[in-house]
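Read the numbers this way: they start at 1 and go in the same order the structure lists the ligands and their atoms.
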Amino acid sequence: MVIPFKCMPNCGYCCTISPVTVFPHEVIILTRLAEELDVRDLTFKPGYVITDVKNGVRVALSYLMQLNSEGICPFLNKDDKTCKVHSLYKPLTCRSFPYLPRVIRYVIDPELKLVDFTVEFVVSTLCPVIRNNYTQDELEAMINNVNIAIKVMPKEVAAAEEAIRARKLYANTLTALWRAGYIELRSSEGNNTNWPIINAFEYIRQFIPHITLDQFTPNITQVLRKTNP
Ligand code: SF4
Ligand code: SF4
């Protein structure tokens with residue numbers, strides 16, 4: 001029986017090792033929370049970008065939340081290593097760590113007018129709890145069998161599944177807009193890199209104005225209202 005995973009209190013190591021991959025709607029949520037919490041050094045860089053050749057824009061499907069000048073996530077409390085957004089909205093990558101996508105492969109198919117993706121997961125040995133408590137065989141068992149992973153780290157796998165649902169919502173909505181003739185997508189290679197980059201959530205809202213943050217993250221509007229009534 002593999003022992004259940006438990007994050008170490010006052011560790012925060014995973015908040016210092018690299019930029020955090022976030023979804024486009026999370027950029028909007030985290031930017032609003034940073035304003036409310038007076039976090040001033042929050043910056044994002046576009047991650048995976050596709051091209052809309054019909055409207056002359058590039059569309060960012062992910063972003064990288066940058067570490068600040070001290071080499072830590074801007075939401076990390078330096079003293080006790082707690083997360084300032086823990087009880088408000090923690091990015092899905094943070095909630096699923098150390099159970100993370102190892103490879104995400106997007107399919108942008110002009111013939112079928114289809115946006116789709118596949119994901120392979122890994123259990124990160126950058127986490128000291130993982131490194132010190134699990135054998136290679138146990139890690140492989142978790143990677144190869146999601147039911148074992150669920151037993152060991154149920155909350156982390158649930159967050160990873162929530163991330164898949166969000167990714168699917170982007171893919172399905174873009175597919176629907178493409179098939180309805182509003183957009184014409186290509187993978188970014190070889191396309192015009194002078195075109196502006198637009199956040200995929202804001203881009204979708206140009207065509208479907210009634211789509212809300214709550215559709216990507218249930219009840220987030222309530223959370224944001226509480227921080228700024
Ligand atoms: S590195 Fe591991 S133990 Fe440390 S905070 Fe991150 S998940 Fe928890
Ligand atoms: S948002 Fe919170 S959990 Fe995620 S990296 Fe920043 S401080 Fe860590």
Side-chain angles (χ1 to χ4, degrees), residues 2-47 62-102 104 121-136 138-139 142-143 146 148-164 166-167 199 201 213 216-217 219-220 223-224 226-228:
V2 190
I3 55 162
F5 170 76
K6 198 163 184 295
C7 179
M8 224 164 31
N10 311 105
C11 169
Y13 180 63
C14 54
C15 312
T16 65
I17 43 182
S18 63
V20 177
T21 301
V22 295
F23 283 106
H25 62 281
E26 291 184 306
V27 170
I28 294 164
I29 295 167
L30 294 165
T31 301
R32 287 202 203 156
L33 291 176
E35 279 163 19
E36 295 312 319
L37 300 170
D38 206 20
V39 169
R40 294 180 186 186
D41 46 5
L42 179 70
T43 53
F44 299 95
K45 283 190 180 161
S62 68
Y63 282 84
L64 294 170
M65 180 167 71
Q66 301 297 297
L67 301 181
N68 65 16
S69 56
E70 295 176 275
I72 61 174
C73 170
F75 289 114
L76 184 68
N77 284 311
K78 263 198 305 184
D79 301 338
D80 59 3
K81 305 288 188 331
T82 53
C83 169
K84 291 179 183 158
V85 287
H86 179 83
S87 58
L88 297 167
Y89 180 80
K90 209 162 163 176
L92 285 163
T93 300
C94 306
R95 278 186 269 153
S96 69
F97 192 87
Y99 188 77
L100 289 180
R102 184 174 66 87
I104 302 167
F121 284 93
V122 71
V123 180
S124 174
T125 50
L126 289 173
C127 170
V129 173
I130 295 294
R131 210 167 45 240
N132 298 331
N133 295 287
Y134 297 87
T135 64
Q136 195 54 38
E138 287 170 335
L139 297 182
M142 283 189 256
I143 292 164
V146 72
I148 297 177
I150 289 171
K151 281 196 184 128
V152 178
M153 41 182 73
K155 281 191 294 185
E156 290 73 13
V157 177
E161 285 172 349
E162 196 179 327
I164 289 181
R167 206 179 294 283
N199 175 310
F201 178 78
L213 287 172
F216 288 83
T217 302
N219 303 323
I220 192 64
V223 174
L224 294 175
K226 268 191 217 151
T227 60
N228 184 10

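Listed by atom number, the atoms of ligand 1 under 4.0 Å from Cys7 heavy atoms are 3 (S), 5 (S), 7 (S), 8 (Fe). The ligand atoms of ligand 1 that sit less than 4.0 angstrom from a heavy atom of Val129 are 3 (S). Listed by atom number, the atoms of ligand 1 under 4.0 Å from Met8 heavy atoms are 3 (S), 8 (Fe). Atoms of ligand 1 lying under 4.0 Å from any heavy atom of Pro128, numbered from 1 in the order shown and given with element: 1 (S).
In this structure a side-chain-to-backbone donor-acceptor pair under 3.5 Å is present from Tyr134 to Ile3.
Among protein heavy atoms, atom 2 (Fe) of ligand 1 sits closest to Cys127 SG, 2.4 Å. Atom 7 (S) of ligand 1 has Phe97 CD2, 3.6 Å as its closest protein atom, hydrogens excluded (heavy atom only).
Side-chain atoms of Tyr13 and Val129, non-hydrogen and from C-beta on, never get closer than 4.5 Å to each other. Considering only heavy atoms from C-beta on, Phe5 comes within 4.5 Å of Cys127 through its side chain. The shortest side-chain heavy-atom distance between Ile164 and Arg167 does not fall under the 4.5 Å cut-off. Using a 4.5 Å cut-off on side-chain heavy atoms (C-beta onward), Thr31 and Phe44 make contact.
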**Pair Leu42-Phe75, side-chain contact (heavy atoms from CB on, under 4.5 Å): steps then yes or no** = CA-CA 8 Å; Leu42 179 70; Phe75 289 114; 3.7 Å; yes
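Applying the 6.0 Å contact sphere to NZ of Lys151 captures no more than 12 heavy atoms from other residues, nucleotides or ligands. Within 6.0 Å of CG on Asp79 lie no more than 12 heavy atoms contributed by other residues, nucleotides or ligands.
Around atom 8 (Fe) of ligand 2, the protein contributes the following N, O or S atoms under 2.8 Å, ordered by chain and number: Cys15 SG.
Metal site remark for atom 8 (Fe) of ligand 1: Cys11 contributes no N, O or S atom at a distance under 2.8 Å.
Proximity of the aromatic rings of Phe23 and Phe216 is defined here by a centroid distance below 6.0 angstrom, and this criterion is not met.
Looking at Pro91 against ligand 2, only its side chain comes within 4.0 Å, counting heavy atoms.
Judged purely by distance below 3.5 Å, without hydrogens or angles, the side chains of Tyr89 and Glu26 pair a donor atom with an acceptor atom.
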